[in-house]
J.: 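Supplied in structure tokens, the structure appears directly below.
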Amino acid sequence: MEVIVLPGPDDVARVAADVVADVVRRRPDAVLGVATGSSPVGVYAELARRVTAGDLDLSGVTAFALDEYVGLPDGHPESYAAVVARDVTGPLRLDPARVHVPDGRAADLEAAAEAYERAIADAGGIDVQLLGIGANGHVGFNEPTSSFGSRTRIKTLTARTRADNARFFASPEEVPLHCLTQGLGTILEARRLLLVAQGEAKADAVAAAVEGPLTSMCPGSALQLHPRATVVVDEAAAAGLTLLGHYREVYAAKPAWQRP
Ligand code: F6R
């Protein structure tokens with residue numbers, strides 16, 4: 001696993017955007033996995049800036065969201081369908097027809113989950129999956145004890161995650177209890193994983209995911225199984241890492257041909 005520790009959130013956004021931009025430069029019809037929540041917002045803003053400046057063209061890209069709440073009314077501004085449309089599809093000038101979000105309003109959620117898996121496979125799999133991490137170590141909405149082999153399915157959000165996400169809703173009770181999320185097995189099939197984390201609230205989760213044991217109690221530790229996982233964190237989110245000095249040395253000595 002590559003661990004890149006940078007001074008602040010703007011640096012995290014820039015370096016993560018470099019990775020995505022590099023993937024798309026090599027393959028203009030790349031398939032991106034997109035996360036929602038606060039962590040990737042700066043990355044999307046940086047990508048949007050490059051698109052607006054004419055330095056990057058994402059119009060050929062296909063995108064798959066990681067997850068969606070179950071049961072929010074159609075058009076709810078905090079449904080991930082709405083968030084992805086607002087923060088990703090529009091600003092990055094993606095083709096809306098190529099942007100996919102699990103259908104959390106489906107009458108048959110199991111069928112919707114299977115259809116989502118099929119759609120990812122039909123698109124040729126995900127080239128680069130952007131990830132955030134929950135304070136409890138979840139990635140996607142794979143809460144602790146999620147199977148490393150899990151596929152897209154219905155999950156129940158933990159009280160901790162619902163409390164963390166209450167900031168997006170008028171009241172904590174409004175945060176749905178259930179979601180559809182890509183499984184850890186689905187995520188691990190992406191050809192590249194790119195996890196971003198900022199701030200001290202993520203320090204324990206980052207340390208557990210990067211340096212802790214491989215355990216379903218920290219779903220983010222599944223990244224240790226991936227042949228090409230990059231974790232980009234700011235100083236505050238890196239505070240719990242024991243090999244901090246080593247990560248800095250490795251990144252400083254990274255050969256130019258290996259960047260970004
Ligand atoms: C969002 C997602 C979650 C978030 C995580 C961190 O699609 O899958 O795993 O990445 O909850 O959320 P933030 O970034 O809001 O701290």
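Every number for a ligand or one of its atoms is a count from 1 in the order of the listing.
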J.: Would you say the side chains of Asn136 and Glu143 form a donor-acceptor pair under 3.5 Å?
T.: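 Note: Asn136 and Glu143 side chains meet the donor-acceptor criterion.
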J.: Would one find more than 12 heavy atoms of other residues, nucleotides or ligands at under 6.0 Å from atom CZ of Arg86?
T.: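 Count over threshold, so yes.
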J.: Below 4.0 angstrom, N of the basic side chain to O of the carboxylate: do Arg25 and Asp55 qualify?
T.: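 Answer for the salt bridge query: no.
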J.: Do Asp164 and Arg160 meet the salt-bridge criterion of a basic N to acidic O distance under 4.0 Å?
T.: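 Asp164 and Arg160: salt-bridged.
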J.: Show which atoms of ligand 1 fall inside a sub-4.0 Å distance from at least one heavy-atom site of Ser38.
T.: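 Listed by number with element, the hits are 13 (P), 14 (O), 15 (O).
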J.: Starting from atom 5 (C) of ligand 1, what is the nearest protein heavy atom, named by residue and atom, and what distance separates them?
T.: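 The closest one turns out to be His138 NE2, 3.3 Å.
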J.: Among all protein non-hydrogen atoms, which one is nearest to atom 14 (O) of ligand 1, and what is the separation to 0.1 Å?
T.: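 Of the protein heavy atoms, Ser39 OG, 2.4 Å lies nearest.
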J.: Taking the six-membered ring for Trp, is the centroid-to-centroid distance between His76 and Phe169 below 6.0 Å?
T.: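 Yes, the ring of His76 comes within the 6.0 Å limit of the ring of Phe169, centre to centre.
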J.: Identify, by atom number and element, the atoms of ligand 1 in contact range of Leu66, meaning under 4.0 Å from any of its heavy atoms.
T.: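 In order of numbering, the contacting atoms are 8 (O).
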J.: Heavy-atom contacts under 4.0 Å between Ile133 and ligand 1: side chain, backbone, both, or neither?
T.: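 The answer is the backbone.
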J.: Which part of Arg167 is near ligand 1, with near meaning a heavy atom under 4.0 Å away: side chain, backbone, both or neither?
T.: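 Within the 4.0 Å criterion, Arg167 contacts ligand 1 through side-chain atoms alone.
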J.: Between Arg14 and Glu46, is a salt bridge (Lys or Arg N to Asp or Glu O under 4.0 Å) present by the stated rule, with each step listed?
T.: CA-CA 6 Å; Arg14 181 178 39 79; Glu46 174 60 20; over 6 Å; no
J.: In the protein, which heavy atom is nearest to atom 1 (C) of ligand 1, and how far is it?
T.: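 I find the closest protein heavy atom is Thr36 OG1, 3.2 Å.
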J.: Donor-acceptor pair, distance only, cut-off 3.5 Å: does the side chain of Gln224 make one with the backbone of Ala209?
T.: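 The answer is yes, because a donor-acceptor pair under 3.5 Å joins these two groups.
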J.: Write out the residue and atom name of the closest protein heavy atom to atom 8 (O) of ligand 1, then the distance separating them to 0.1 Å.
T.: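 For atom 8 (O) of ligand 1, the nearest protein heavy atom is Asp67 OD2, 2.6 Å.
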J.: To which of Gly140, Ala135, Gly134 does the heavy atom nearest atom 9 (O) of ligand 1 belong?
T.: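 The nearest heavy atom belongs to Gly140.
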J.: To the nearest 0.1 Å, how far is atom 10 (O) of ligand 1 from its closest protein heavy atom, and which atom is that?
T.: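 The protein heavy atom lying closest is Gly132 CA, 3.4 Å.
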J.: Which residue holds the protein heavy atom closest to atom 16 (O) of ligand 1, what is that atom called, and what is the gap in Å?
T.: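 Nearest neighbour among protein heavy atoms for atom 16 (O) of ligand 1, to 0.1 Å: Lys202 NZ, 2.6 Å.
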J.: Hey, is Glu110 close enough to Arg153 for a salt bridge, meaning N to O under 4.0 Å?
T.: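 Salt bridge between Glu110 and Arg153, a charged N being under 4.0 Å from a carboxylate O: no.
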